[in-house]
A.B. asks: 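My questions will all concern the structure given below.
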Number of protein chains: 2
Amino acid sequence: MAKDQIQEACKNCSEEINSFCSILCEHPEVQKSCITFKKGQLLFHEDTNPKGVYCINSGKIKIYKTSLDAKEHIISIVGTGALIGFAPIIAEGTHEISAKALEECHVCFISRKDFLKVLQTSPELKLKLLKEACKRNGGIIESLFNIAVRPVKDRLAVCLLMLKEVYNNSNTASPVEINLTREEISSIVGTSAETVVRLLKEMERDNLIQITGRKILITNEAKLFKIGKIY
Amino acid sequence: MAKDQIQEACKNCSEEINSFCSILCEHPEVQKSCITFKKGQLLFHEDTNPKGVYCINSGKIKIYKTSLDAKEHIISIVGTGALIGFAPIIAEGTHEISAKALEECHVCFISRKDFLKVLQTSPELKLKLLKEACKRNGGIIESLFNIAVRPVKDRLAVCLLMLKEVYNNSNTASPVEINLTREEISSIVGTSAETVVRLLKEMERDNLIQITGRKILITNEAKLFKIGKIY
DNA sequence: CGCAGCCTTGAGCAGTATCAAAGTCGGTGG
DNA sequence: CCACCGACTTTGATACTGCTCAAGGCTGCG
């Protein structure tokens with residue numbers, strides 16, 4: 001039964017034409033394996049050698065770095081369609097970051113060797129990866145900038161909007177259940193869990209959001225945008 | 001005479017085999033132009049459309065982003081051999097960052113059109129850029145992380161070591177003249193100019209460095225490494 | 001000589017972190 | 001079904017880092 005699940009999950013990955021996964025998986029020489037990661041399981045850890053790339057079929061994965069005091073600092077949260085783990089293979093280094101499943105995830109794994117084989121032969125993949133890397137660059141610079149110059153509240157606003165984006169595949173209007181602890185939110189925003197609690201409460205008082213446990217309902221998106229100064 | 005200078009500067013750019021500049025400039029279809037930027041001149045500004053790529057022959061250039069309060073926040077300082085401005089062309093967006101000459105700089109400019117032409121035809125360039133982009137990614141993540149979790153003093157230590165690296169082409173032992181104002185140093189470290197002054201003084205008291213105007217001599221590199229927690 | 005830009009120093013303050021102690025919630029085993 | 005446990009959240013008090021503002025000093029240049 002577990003096997004069936006895996007098979008089914010993996011059919012999807014070739015569905016979206018021209019996705020990373022389809023390019024990689026369709027390649028005749030590629031031996032992909034489909035893996036299920038349970039909530040909390042590690043895909044890979046920073047400073048280790050990259051074994052291959054991971055193409056996410058379903059589920060959310062947090063990308064983070066660990067500080068000396070063992071705290072996790074989340075850099076991004078990715079979901080269906082994302083390809084992760086390729087940068088250190090190309091840069092010929094070790095993983096800069098760690099990746100952990102936030103919920104049950106189905107993932108295609110392609111070994112380093114196979115990945116490089118495809119990369120050699122496919123100008124298409126090369127270009128697509130290049131584009132992806134350049135875009136990410138911009139994204140990380142943006143985060144860097146945010147954390148360097150903006151107060152916590154602004155960053156939290158940006159974070160909530162981002163999370164809504166990520167958790168709202170269903171595209172329904174508003175009630176987004178964010179399955180993250182306050183601790184995890186704080187590690188995205190770059191602050192302490194207590195500060196997150198206080199600011200969320202403040203935002204609720206100001207009618208920007210409504211909180212029910214972990215469910216955060218954005219009631220005034222426009223104002224959040226304004227706080228986050230996103231144009 | 002200005003013309004001569006330019007010509008001479010531009011011969012160099014093909015010297016280092018397999019550099020970005022040589023790959024681009026040697027290409028038959030590329031019409032490169034060699035430009036001299038005076039200290040303080042802008043190569044390009046964030047949020048503008050990328051006109052082309054810049055290959056740095058000589059001089060230092062600061063890469064930064066401007067905050068709403070019009071302060072510059074330096075992301076990196078690059079010198080000879082660097083290629084800048086390609087990311088937004090590839091990602092099909094606008095410049096994420098600005099670039100300004102910190103001193104007189106000689107630069108090869110290759111237009112967007114020519115750059116894309118070479119990119120199409122050269123798998124070599126594609127791969128090299130991909131590698132470069134992936135490496136930068138790692139670098140920016142590292143900075144992001146630093147600024148998010150480390151106290152100012154640690155970051156300043158890292159910054160000094162970085163600056164020594166950048167300004168020390170000559171590889172002489174120690175006395176590095178860093179031609180930056182305190183303000184500029186502060187905008188690398190992500191703090192205020194006053195804090196930089198105070199911390200530099202503190203470091204001098206602790207015999208880590210010696211200050212003579214803008215000249216900063218690193219007298220105890222090992223300890224600086226330790227403060228910066230660089231292994 | 002005087003001005004402009006930069007550096008330095010001090011004092012006060014704001015934003016956040018940290019620590020400690022309750023309070024809540026969901027699940028588990030009796 | 002209840003009581004309890006552990007993990008998470010909330011709240012309050014306190015402390016600290018680093019910013020801002022203001023004033024004065026230095027240096028190089030016109």
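As a basis for the values below, the full set of heavy atoms in this structure was taken, side chains included, without hydrogen atoms, waters or symmetry mates. Just so you know, these numbers come straight off a predicted model, no measurement behind them. All chains are named by letter (A, B, ...) in the order of the sequence lines, taking the proteins before the strands, and each is independently numbered beginning at 1.
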A.B. asks: Over all heavy atoms of both residues, which pair between A/Cys159 and A/Ile188 is shortest? Give the atoms and the distance, please.
C.D. replies: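 Of all heavy-atom pairs spanning A/Cys159 and A/Ile188, the closest is SG-CG2, 3.7 Å.
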A.B. asks: Name every residue in residues 197-212 of chain A that has at least one heavy atom under 4.0 Å from any atom of DNA chain C, in order of residue number, or write none if there are no such residues.
C.D. replies: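 Only A/Arg198 qualify.
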A.B. asks: Which residue, B/Glu183, B/Glu103, B/Glu72, forms the salt bridge (Lys or Arg N to Asp or Glu O under 4.0 Å) with B/Lys62?
C.D. replies: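 Looking at B/Glu183, B/Glu103, B/Glu72, the match for B/Lys62 under the salt bridge (Lys or Arg N to Asp or Glu O under 4.0 Å) is B/Glu72.
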A.B. asks: Holding to ring pair (Phe, Tyr, Trp, His ring centres under 6.0 Å), I want the full list of residues that pass it with A/Phe37, two or more places apart in sequence or in another chain.
C.D. replies: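 Applying ring pair (Phe, Tyr, Trp, His ring centres under 6.0 Å) to A/Phe37 gives none.
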A.B. asks: How many whole angstroms separate atom CZ of B/Arg155 from atom P of D/dG18?
C.D. replies: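 In whole Å, D/dG18 P lies 7 Å from B/Arg155 CZ.
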A.B. asks: Is there a side-chain polar atom (N or O) of B/Thr195 under 4.0 Å from OP1 or OP2 of D/dT17?
C.D. replies: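 Answer is no, no contact under 4.0 Å.
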A.B. asks: Are any of the side-chain heavy atoms of B/Lys215 and B/Gln210 separated by less than 4.5 Å?
C.D. replies: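 SC-SC contact between B/Lys215 and B/Gln210 ruled out.
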A.B. asks: Test of understanding: with salt bridge (Lys or Arg N to Asp or Glu O under 4.0 Å), list the residues that count as partners of B/Glu202, not counting sequence neighbours.
C.D. replies: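 Here the qualifying residues are B/Lys153.
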A.B. asks: For B/Tyr54, what residues pass the ring pair (Phe, Tyr, Trp, His ring centres under 6.0 Å) criterion, not counting sequence neighbours?
C.D. replies: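 Checked B/Tyr54 against ring pair (Phe, Tyr, Trp, His ring centres under 6.0 Å); matches are B/Phe44, B/Phe109.
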A.B. asks: Do B/Ile63 and B/Ser98 have side chains that get closer than 4.5 Å, going by heavy atoms?
C.D. replies: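 No. Closest side-chain heavy atoms not under 4.5 Å.
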A.B. asks: In this structure, how many angstroms lie between the P atom of D/dG18 and the CG atom of B/Leu156, rounded?
C.D. replies: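 Rounded to the whole Å, the gap is 11 Å.
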A.B. asks: With the side chain of B/Glu194 defined as its heavy atoms from C-beta on, choose the nearest nucleotide among D/dT20, C/dA17, D/dG18.
C.D. replies: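 It is D/dT20.
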A.B. asks: Enumerate the protein-to-nucleotides 24-30 of chain D contacts in which both atoms are nitrogen or oxygen and the separation is below 3.5 Å.
C.D. replies:
none

A.B. asks: What is the distance, to the nearest angstrom, from the CD1 atom on B/Ile147 to the C1' atom on C/dT16?
C.D. replies: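 About 17 Å, once rounded to whole Å.
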A.B. asks: What does B/Ser192 touch in the nucleic acid at a heavy-atom separation under 4.0 angstrom: a base, only the sugar-phosphate, or nothing?
C.D. replies: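 Here B/Ser192 touches the bases of the nucleic acid.
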A.B. asks: Side chains of B/Thr66 and B/Glu46: is there a donor and an acceptor less than 3.5 Å apart?
C.D. replies: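 Their side chains do contain a donor-acceptor pair, which is all the 3.5 Å distance test asks for.
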A.B. asks: Is A/Lys135 salt-bridged to B/Glu92, going by a charged N under 4.0 Å from an acidic O?
C.D. replies: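 Salt bridge between A/Lys135 and B/Glu92, a charged N being under 4.0 Å from a carboxylate O: no.
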A.B. asks: If I take atom CD in residue A/Glu184 and atom P in nucleotide D/dT9, what distance separates them, rounded to the nearest angstrom?
C.D. replies: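 In whole Å, D/dT9 P lies 9 Å from A/Glu184 CD.
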A.B. asks: Could B/Glu194 and B/Arg182 be called an ion pair, given the rule that one side-chain N must be under 4.0 Å from one carboxylate O?
C.D. replies: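 Looking at B/Glu194 and B/Arg182, the cut-off is not met.
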A.B. asks: Please list, for nucleotides 3-6 of chain C, all pairs of protein and nucleotide N/O atoms separated by less than 3.5 Å.
C.D. replies:
unit_1	atom_1	unit_2	atom_2	d
C/dC6	O3'	B/Arg214	NH2	3.4

A.B. asks: Looking only at side chains, do A/His73 and A/Ser67 share a donor and an acceptor under 3.5 Å apart?
C.D. replies: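 Indeed, the side chains of A/His73 and A/Ser67 share at least one donor-acceptor pair under 3.5 Å.
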A.B. asks: Looking at A/Lys71, does any N or O in its side chain come under 4.0 Å of the phosphate oxygens OP1/OP2 on C/dT18?
C.D. replies: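 A/Lys71 to C/dT18 OP1/OP2: side-chain N or O found under 4.0 Å.
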